[in-house]
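Have a look at the structure below, then the notes.
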Amino acid sequence: RDSGKQLRALFKEESFYDGEFDITMPYYIYVPTNYDRRKKYPLVIGLHGTGEVMEPICAVLMKTQMGTAFAEASEAGNNECIVLIPKCNVRYDEDDNWTTLNQFIRQRTDSPFWPMPQLKVAWKLIEKLMKDYRIDDKRLYLTGISSGAFGAYVMAMEHPDTFAALVPVAGAANPERIGALKQLPMWIFHASDDPVIVPSYTLDPTLACLDKAGIKYRLTRYPEKQIFWQSAHFCWEVVYKDKELMEWLF
């Protein structure tokens, strides 16, 4: 955590208020230090997982490289971009998340794929930043980890013509809306022995639906017993260090 302080310092903490849902959404934004308003920049959006919902926003950058890896490369002049890390806070009850995943697990709803107000506010925040910064609207890149990957799939389906690429890590997609991903380049990451987002219930049905719909995608399925921090669920520890992914994305 100490070694990442300089990278985290590149991010500015802001907040966005939405009156429709009465939600104040904290977020981190990274803008290149040599930001030039004469240029347009890609925008990378990263959605964190359930583990960070109840924690302060600083935990998102301290626990994952979902944001800092992009900022580090950008500062080095490689794939310059703006990075947005919105924070999903509890607003209504303890099962708040980007989608109804937690409610589904607790048998409170019939699907883990319904968007929650926090995801809709995150979309409004993206729209705001598109006006505030010189962002290339043809180069919006969306990624998410765990429940954030569920949210990323849903956001991409809700706005099918918006994103240039999707990188879901340890997530699942709504089979009933899979057709919305037809024209979207995707690189899916998952560990074969993920004990939290178990592939047989999440990844495998998603891939089967994509294949049935004739939708192309790239897949990295890490083999069993590959070592990640804590458990195989945390495969994003290596995802954002993948140089091939970064070049493919941009």
Side-chain angles (χ1 to χ4, degrees), residues 1 3-14 16 25-37 39-49 51-52 57-88 98 122-123 125-126 128-130 132-149 151-153 155-156 162-171 184-189 218 220 228-229 234-250:
R1 294 186 176 194
S3 65
K5 283 183 178 179
Q6 289 184 333
L7 288 176
R8 296 197 301 272
L10 297 171
F11 287 77
K12 185 178 181 181
E13 182 178 347
E14 302 278 2
F16 172 70
M25 177 166 284
Y27 65 93
Y28 274 128
I29 185 166
Y30 157 78
V31 179
T33 54
N34 61 349
Y35 177 69
D36 184 350
R37 289 200 62 85
K39 297 166 53 176
K40 285 191 174 183
Y41 294 83
L43 175 65
V44 178
I45 304 107
L47 303 182
H48 64 77
E52 291 71 56
I57 187 172
C58 61
V60 181
L61 295 185
M62 294 178 76
K63 292 171 62 178
T64 80
Q65 296 189 57
M66 183 172 53
T68 53
F70 293 100
E72 182 177 25
S74 178
E75 287 297 297
N78 184 21
N79 298 323
E80 288 186 325
C81 62
I82 295 171
V83 182
L84 168 65
I85 305 293
K87 174 69 166 56
C88 179
W98 300 115
W123 169 252
L125 172 57
I126 293 170
K128 175 184 182 298
L129 296 181
M130 294 286 289
D132 293 347
Y133 294 93
R134 292 279 291 167
I135 292 172
D136 186 345
D137 61 6
K138 293 181 173 59
R139 301 186 72 193
L140 270 63
Y141 305 127
L142 179 61
T143 186
I145 59 177
S146 193
S147 62
Y153 273 123
M155 183 177 281
T162 297
F163 300 102
L166 174 64
V167 181
V169 183
L184 180 59
M186 285 180 288
W187 193 337
I188 300 167
F189 290 82
R218 293 188 67 165
T220 294
F228 299 105
W229 177 77
F234 295 81
C235 66
W236 52 82
E237 290 294 312
V238 298
V239 169
Y240 300 106
K241 297 177 183 177
D242 191 320
K243 293 182 180 179
E244 185 180 356
L245 165 65
M246 295 299 192
E247 293 306 313
W248 172 87
L249 191 66
F250 284 89

Quick one: list whatever passes side chain to side chain contact (heavy atoms under 4.5 Å, CB included) with [X], sequence neighbours left out.
X	value
Ala164	Tyr141
Lys40	Arg134, Asp136
Asp137	Met130

Which heavy atom in [X] sits nearest to a heavy atom in [Y], and how many Å separate them?
X	Y	result
Ser147	His48	OG-O, 4.1 Å
Gly171	Tyr153	C-CE1, 4.2 Å
Ile57	Pro26	CD1-C, 3.8 Å
Cys81	Val44	SG-CG2, 4.2 Å
Gly51	Lys63	O-NZ, 3.7 Å

Hey, is Glu72 close enough to Lys241 for a salt bridge, meaning N to O under 4.0 Å?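 Lys241 and Glu72: not salt-bridged.
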
Give a yes or no on whether a salt bridge exists between Lys87 and Glu52, defined as a side-chain N under 4.0 angstrom from a carboxylate O.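 Result for this pair is no, no salt bridge flagged.
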
Can you tell me how far apart [atom1] ([X]) and [atom2] ([Y]) are? Round to the nearest 0.5 Å.
X	Y	atom1	atom2	result
Leu61	Lys5	CG	NZ	14.0 Å
Leu142	Leu249	CG	CG	10.0 Å
Leu166	Met155	CG	CE	11.0 Å

Can you spot which of Ile85, Leu129, Val83, Asp132 makes a side chain to side chain contact (heavy atoms under 4.5 Å, CB included) with Ile29?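 Output: one option passes, namely Leu129.
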
Going by the side chain to side chain contact (heavy atoms under 4.5 Å, CB included) test, name the single residue among Thr143, Leu43, Ile45 that passes it with Phe163.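 Output: one option passes, namely Ile45.
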
Report the C-alpha distance between Val169 and Cys235 in whole Å, list the side-chain angles of each, state the deciding distance to 0.1 Å, and finish with yes or no for side chain to side chain contact (heavy atoms under 4.5 Å, CB included). CA-CA 8 Å; Val169 183; Cys235 66; 3.7 Å; yes

Between Ile145 and Val239, does a side chain to side chain contact (heavy atoms under 4.5 Å, CB included) hold up when you go through it step by step? CA-CA 10 Å; Ile145 59 177; Val239 169; over 6 Å; no

Heavy-atom check, side chain of [X] versus side chain of [Y], under 4.5 Å:
X	Y	answer
Tyr41	Pro32	yes
Leu7	Tyr30	no
Leu47	Pro86	yes
Arg218	Leu245	no
Tyr28	Lys12	no
Ile82	Pro42	no
Leu84	Tyr27	yes
Met186	Val167	no

Parallel, tilted or perpendicular for Phe250 and Phe70, by the 30°/60° rule? tilted

Classify the ring geometry of Tyr35 against Tyr133: parallel below 30°, tilted from 30° to 60°, perpendicular beyond 60°. perpendicular

Treating Thr64 as the side-chain partner and Met66 as the backbone partner, does any N or O pair qualify as donor plus acceptor under 3.5 Å? yes

Going by atom types alone, do Glu75 and Asn34 pair a side-chain donor with an acceptor below 3.5 Å?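 Checked: Glu75/Asn34 side chains show no N/O donor-acceptor pair below 3.5 Å.
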
Show your reasoning for whether side chain to side chain contact (heavy atoms under 4.5 Å, CB included) applies to Gln65 and Trp236. CA-CA 8 Å; Gln65 296 189 57; Trp236 52 82; over 6 Å; no

Apply side chain to side chain contact (heavy atoms under 4.5 Å, CB included) to Trp187 and Thr220, showing your working. CA-CA 8 Å; Trp187 193 337; Thr220 294; 2.9 Å; yes

